[in-house]
K.L.:
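The structure's right below; bear with me while I get my questions together.
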Number of protein chains: 2
Amino acid sequence: MEKEIYDYLSKYIHVTKELEEELGKIDFIKRFRKGTMLLEEGKTSNECYFIIKGCVRDFYLKDGEEKTTEFYTEEQAVVPSAYGKNAASEYYIECLEDVIAGVGTPQLETEIYQKFPQVESLNRALGDAIMAKFQDTLAEFKMTSPEERYLNLIKTRPDLLQRVPQHQIASFLGITPESLSRIRKRIIKAK
Amino acid sequence: MEKEIYDYLSKYIHVTKELEEELGKIDFIKRFRKGTMLLEEGKTSNECYFIIKGCVRDFYLKDGEEKTTEFYTEEQAVVPSAYGKNAASEYYIECLEDVIAGVGTPQLETEIYQKFPQVESLNRALGDAIMAKFQDTLAEFKMTSPEERYLNLIKTRPDLLQRVPQHQIASFLGITPESLSRIRKRIIKAK
DNA sequence: CTGATTCATTGACTTAAGTTAAGAAACAGG
DNA sequence: CCTGTTTCTTAACTTAAGTCAATGAATCAG
């Protein structure tokens with residue numbers, strides 16, 4: 001099951017025999033059942049995840065309502081804001097499907113980085129890319145209507161619409177389930 | 001004028017004599033006149049900025065309209081998404097006031113980090129903090145109404161309302177200038 | 001299999017944002 | 001000081017999102 005990690009790393013760096021062996025030695029691949037909370041509000045976080053298979057979401061509880069703010073699927077990294085910080089998390093992280101993921105801890109990271117500095121460089125570069133994507137997403141949010149955001153989602157992450165309940169998509173788009181339902185109707189009619 | 005940089009760094013790390021001298025040697029403080037474009041759409045970016053004095057904004061051009069997505073003021077870092085990446089910028093960065101800023105380049109960063117690794121660690125930590133803030137801001141955007149966002153802005157960055165044109169605040173909040181004007185009226189009436 | 005819950009849709013209604021247009025106020029440059 | 005521009009506000013109107021309530025479909029647990 002480490003194959004996916006190996007494939008992923010290979011896209012960006014040359015995975016040496018030593019690194020491959022090292023990764024094989026460490027037992028950091030875990031499975032989580034659908035419904036598992038990887039993190040809860042108020043708790044601290046000492047784990048980050050690299051999704052090999054499955055789907056995960058972040059959500060806040062606001063006025064008793066669940067507000068979904070992010071979905072993570074195959075080949076995405078889930079790094080809680082509170083990760084390694086001894087700070088209370090403001091949100092939950094829930095497995096929407098059975099999940100297979102690589103699990104990282106600050107200790108494990110330090111260990112790997114010391115032996116394989118190229119992994120740290122890669123991680124930094126990926127972090128920068130994630131940051132740039134956040135900035136883009138925020139800009140998109142400020143500049144577009146809910147309908148445009150939904151159309152954009154269809155283009156960029158069509159898989160989500162198949163595997164995630166619609167009311168969670170709605171709050172991910174920042175609207176109510178009723179509004180999303182009407183937007184879908186409007187789009188179908190327009191075609 | 002390096003004093004501000006020194007004061008800022010001191011908040012987070014011990015600034016040794018050597019580091020202080022080194023910073024004094026390098027001439028990386030620059031001034032920019034109000035109206036200067038620090039970066040334009042389509043251009044690449046080899047500079048990042050640390051604002052010592054003044055105010056700067058990011059904006060996109062969409063359908064001929066300027067869409068302001070971020071403001072930066074004293075003690076904030078402006079790191080274009082395209083910084084050091086040889087990629088074309090999707091947005092502009094403009095000085096809204098006369099600006100005094102520390103200017104960083106990838107070369108200068110490498111140089112400093114080699115001599116003073118603690119600066120690199122600090123930078124990484126600050127990067128993480130900025131990332132967490134982005135995530136928060138995006139979540140806030142999805143969960144709140146324009147009016148709530150405006151009220152929140154009054155609390156968190158009251159200075160902006162004094163130094164920045166209102167129509168730029170409006171697009172920063174993701175709404176039209178007319179809407180913001182009405183929101184303000186509503187709030188005043190409610191008091 | 002069945003009753004209960006969750007989910008998506010729809011309708012009626014309210015509220016607020018977008019749009020267009022116009023005018024007043026503030027500001028900048030010559 | 002005057003003039004043209006930018007900025008902000010207001011109004012009338014349109015459009016769409018929020019809210020509340022009801023219904024049917026799908027899903028889940030016992």
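Because the structure is predicted, anything quoted here is derived from the model rather than measured. Numbers restart at 1 for each chain; the letters A, B, ... are given by sequence-line order, proteins then strands.
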K.L.:
For A/Glu21 and A/Glu18, indicate whether the former's side chain and the latter's backbone hold a donor-acceptor pair under 3.5 Å.
P.N.:
no
K.L.:
I need the CG-P distance between A/Leu180 and D/dT19, as an integer number of Å.
P.N.:
15 Å
K.L.:
Could you give the NZ-to-P distance, from B/Lys142 to D/dA17, as a whole number of Å?
P.N.:
17 Å
K.L.:
Drop me the distance from B/Asp136's CG to A/Glu90's CD, to the nearest 0.5 angstrom.
P.N.:
5.5 Å
K.L.:
At under 4.0 Å between heavy atoms, how does the protein contact nucleotides 24-29 of chain D? Give one character per nucleotide, 5' to 3', with B, S or -.
P.N.:
------
K.L.:
Check for me whether the distance between the ring centres of B/Tyr60 and B/Tyr92 falls short of 6.0 Å.
P.N.:
no
K.L.:
What are the two closest non-hydrogen atoms of B/Gly54 and B/Val99, and how far apart are they?
P.N.:
CA-CG2, 4.2 Å
K.L.:
Quick one: side chain to side chain contact (heavy atoms under 4.5 Å, CB included) partners of A/Ser81, sequence neighbours excluded?
P.N.:
A/Tyr91, B/Ala132, B/Gln135
K.L.:
In whole angstroms, how far is the P atom of D/dT7 from the CZ atom of B/Arg163?
P.N.:
17 Å
K.L.:
Round to the nearest Å and state the distance from A/Leu96 atom CG to C/dT6 atom P.
P.N.:
16 Å
K.L.:
Where the side chain of A/Thr176 is defined as all heavy atoms beyond and including C-beta, which of D/dG18, C/dA8, D/dT7 is the nearest nucleotide?
P.N.:
D/dG18
K.L.:
Tell me: CE of A/Met143 to C1' of C/dG18, nearest whole Å?
P.N.:
17 Å
K.L.:
Expressed as a whole number of angstroms, how long is the span from A/His167:NE2 to C/dC7:P?
P.N.:
4 Å
K.L.:
Would a distance-only check, ignoring hydrogens and angles, find a side-chain to backbone donor-acceptor pair under 3.5 Å from A/Ser179 to A/Ile175?
P.N.:
no
K.L.:
Report the distance from atom CG of A/Leu161 to atom P of C/dA8, rounded to the nearest whole Å.
P.N.:
12 Å
K.L.:
Counting only heavy atoms and a strict 4.0 angstrom limit, can you tell me which residues of residues 152-159 of chain B come near DNA chain C?
P.N.:
none
K.L.:
What pairs with B/Phe71 under ring-ring contact (aromatic ring centres under 6.0 Å, His included), at least two apart in sequence or on another chain?
P.N.:
B/Phe172
K.L.:
For nucleotides 10-16 of chain C, read 5' to 3', which letter fits each nucleotide if B means a protein heavy atom sits under 4.0 Å from the base, S means only the sugar-phosphate is that close, and - means neither?
P.N.:
BSB---S
K.L.:
At less than 4.0 Å, is any side-chain N or O atom of A/Gln166 found next to OP1 or OP2 of C/dT9? Yes or no.
P.N.:
yes
K.L.:
Could you tell me whether B/Tyr49 and B/Tyr72 have their ring centroids closer than 6.0 angstrom?
P.N.:
no
K.L.:
To the nearest 0.5 Å, how far apart are CD in A/Glu4 and CD in A/Glu75?
P.N.:
8.5 Å
K.L.:
side-chain hydrogen bond (donor to acceptor under 3.5 Å, both in side chains) with A/Lys115: which residues, sequence neighbours excluded?
P.N.:
A/Glu22
K.L.:
Classify the side-chain pair B/Glu148/B/Ser145 by whether it contains a donor and acceptor separated by less than 3.5 Å.
P.N.:
yes
K.L.:
Whole Å only: how far is the CD1 atom of B/Ile175 from the C1' atom of D/dA17?
P.N.:
15 Å
